[in-house]
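Proteins come first, then strands; the chains are lettered A, B, ... in the order of their sequence lines, and each starts at number 1. As the structure is a prediction and not an experimental result, all values here were calculated from the model.
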Amino acid sequence: MIKSRFYVTTPIYYVNDAPHIGHAYTTILADVLSRFHRALGDDVFFLTGLDEHGQKVQQAAEKRGLSPQAHCDDLAPRFTDLWKKLGIFNDDFIRTTQERHKRIVRSILQKVYDGGDIYQKEYEGLYSVAEERFITEKEAESGQFREVKTIKEKNYFFKMSKYQDRLIKYIEDNPGFIRPEHRRNEMLGFLRQPLTDLCISRPKARLSWGIEIPFDPDYVTYVWFDALINYISAIGYGSDDVKFGRFWPGVHLIGKDILTTHSIYWTTMLFSLDLPLPEVIFAHGWWLMGESKMSKSLGNVVRPLDLIEQHGVDAVRYYLMSEMNLGADANFTPENFIKRYNSDLANDFGNLLNRVSGLIAKNHGGIIPDAGVATLAEEDVASAGRALGPKVEGLIRDYKVDEAINEVMNLVRQVNKYMETQAPWKLAKTDLPAAGRVLYTATEALRLSAVLLKAVMPEKVATVLSILGVPDSGLTWGELKSGVALPSFPALFPRIEVEKKA
RNA sequence: CGCGGGGUGGAGCAGCCUGGUAGCUCGUCAGGCUCAUAACCUGAAGGCCGUACGUUCAAAUCGUACCCCCGCAACCA
């Protein structure tokens with residue numbers, strides 16, 4: 001079987017930010033996809049990391065009386081610790097202040113400069129002294145910025161405009177490149193206007209915490225030029241050709257807020273470097289809190305850690321993956337979380353495991369019974385089970401995680417129905433082998449469902465599979481072994497009881 | 001007319017491309033079962049598919065117009 005390559009990235013998060021549900025979502029999504037692809041036998045590489053340069057870091061460090069690097073080193077664990085707790089299994093973690101990255105950024109700057117795609121020019125723009133950055137005319141009109149004045153500054157520019165037509169054609173020729181599709185349209189719309197060149201430098205006088213431009217020591221490079229390169233510097237561009245050739249191009253998972261930077265800045269940079277464009281740029285939506293946006297001022301920020309502590313990692317992963325569909329925004333409410341947890345995990349999945357194992361303990365001495373000879377009823381379940389793997393694989397390869405999960409849950413629901421119609425608790429009184437056949441079939445379907453949910457809920461599924469005595473089983477129908485003793489176990493997903501309001 | 005997405009039973013969504021019994025999850029109500037985490041199963045109520053025209057034997061599905069919501073409109077991580 002020919003393996004596919006699957007190189008998946010998250011954005012590198014700004015180290016100064018407090019990790020929130022959005023960061024967690026993208027990272028879990030990347031983790032789930034990479035675990036699925038790994039299980040499918042693909043050659044997987046999963047990268048995430050931190051963006052550590054820029055003004056905010058510099059200022060925050062100054063405030064604390066630390067060097068910027070010490071400040072970053074101090075903050076980085078907020079992310080890495082969270083990823084550990086969320087069960088994130090990444091292959092590499094890049095920080096833009098690492099020498100391996102800076103070296104490549106400098107060499108790329110030099111290469112692009114030598115290739116004639118970087119030039120210097122005087123830039124005149126509106127500058128907010130209070131904010132210490134250039135602002136757009138729109139922003140100036142908004143009146144949100146104080147001490148605005150026009151200043152002139154010499155800077156380096158990247159010839160983004162040069163690649164506009166090529167980019168338009170590329171996007172038109174590759175329908176699956178920017179996803180979901182309405183984002184692709186958005187970018188094509190954006191590209192109908194002429195692109196201007198991208199300012200990629202900052203004078204050190206204004207900003208010193210960055211990567212020095214190799215051909216002009218008075219400047220550091222603009223954060224995006226620095227940050228985007230992480231996607232290739234981490235996998236060996238300019239340092240390990242074999243590794244780079246093995247994984248590039250990759251799949252970029254991003255929030256919809258940074259679609260332009262990825263689909264325009266990054267792609268034109270790659271054109272200039274004469275490298276293939278990413279396989280996919282996937283812009284997912286945002287988590288809204290009830291009716292409003294999540295924001296610190298509203299005090300409705302959901303802290304992933306709180307949720308994990310209350311309900312466990314896997315429940316959080318399951319919720320985030322099943323509730324957000326494709327590129328749309330999703331709503332996060334505690335009520336929603338509890339509803340989905342209870343109905344899917346506690347009532348359907350967890351309770352079904354309890355039903356079958358309880359019956360096996362009661363009527364079959366706690367030993368997984370023989371599969372027996374399948375009747376039409378068993379054949380229905382088995383054929384659904386056999387079809388499920390390929391179906392889920394197709395959906396995962398198409399980034400439809402929520403639909404994939406739903407397909408698995410459909411099998412679980414079908415098994416609950418099957419139990420009801422076959423009633424093994426009644427059968428046991430008259431025809432014990434028939435009852436065993438039903439329980440074997442139900443348990444096997446449950447095992448298969450668990451295997452397919454492994455990427456989403458690694459811990460819980462490992463528990464289930466070890467209870468069933470087949471920790472390393474796969475997607476073939478019938479891998480469940482008869483004659484194996486089932487241990488007793490506490491409820492897998494205890495129901496969350498909510499006090500009813502009067 | 002800047003560009004784009006969307007308006008489907010109480011909630012969230014699918015269906016629209018390739019017209020022809022309006023589907024799924026949750027919620028509500030009734031019943032069943034009693035192996036199970038008060039869970040599971042069955043059934044029911046509830047929709048003029050944003051509005052108005054048009055094309056067609058037939059439109060949620062195609063066309064036109066309008067109304068409403070949302071995203072994008074760049075150097076901002």
Paired nucleotide for [N] [Watson-Crick or G-U wobble; both distances under 3.5 Å]:
N: B:G43; answer: B:C29
N: B:A65; answer: B:U51
N: B:G71; answer: B:C3
N: B:U56; answer: none
N: B:A77; answer: none

Rounding to a whole Å, what distance do you find between [X]:[atom1] and [N]:[atom2]?
X: A:Lys256; N: B:G4; atom1: NZ; atom2: C1'; value: 13 Å
X: A:Gln422; N: B:C41; atom1: CD; atom2: C1'; value: 13 Å
X: A:Arg184; N: B:G4; atom1: CZ; atom2: C1'; value: 13 Å

Using only side-chain N and O atoms of [X], determine if any of them is under 4.0 Å from OP1 or OP2 of [N].
X: A:Asn347; N: B:U37; result: no
X: A:Arg202; N: B:C76; result: yes
X: A:Asn185; N: B:C3; result: no
X: A:Lys56; N: B:A77; result: yes

Quiz item: Which residue pairs pass the salt bridge (charged side-chain N to carboxylate O under 4.0 Å, His left out) test with at least one member in residues 169-179 of chain A, sequence neighbours excluded?
Solution: A:Lys169-A:Asp173, A:Arg179-A:Asp398
Any base atoms under 4.0 Å from [X], or only sugar-phosphate, or nothing? Heavy atoms, all strands.
X: A:Asp197; value: base
X: A:Ala227; value: nothing
X: A:Gly350; value: base

Quiz prompt | Residues A:His284 and A:Thr26: side-chain donor-acceptor under 3.5 angstrom | solution = yes
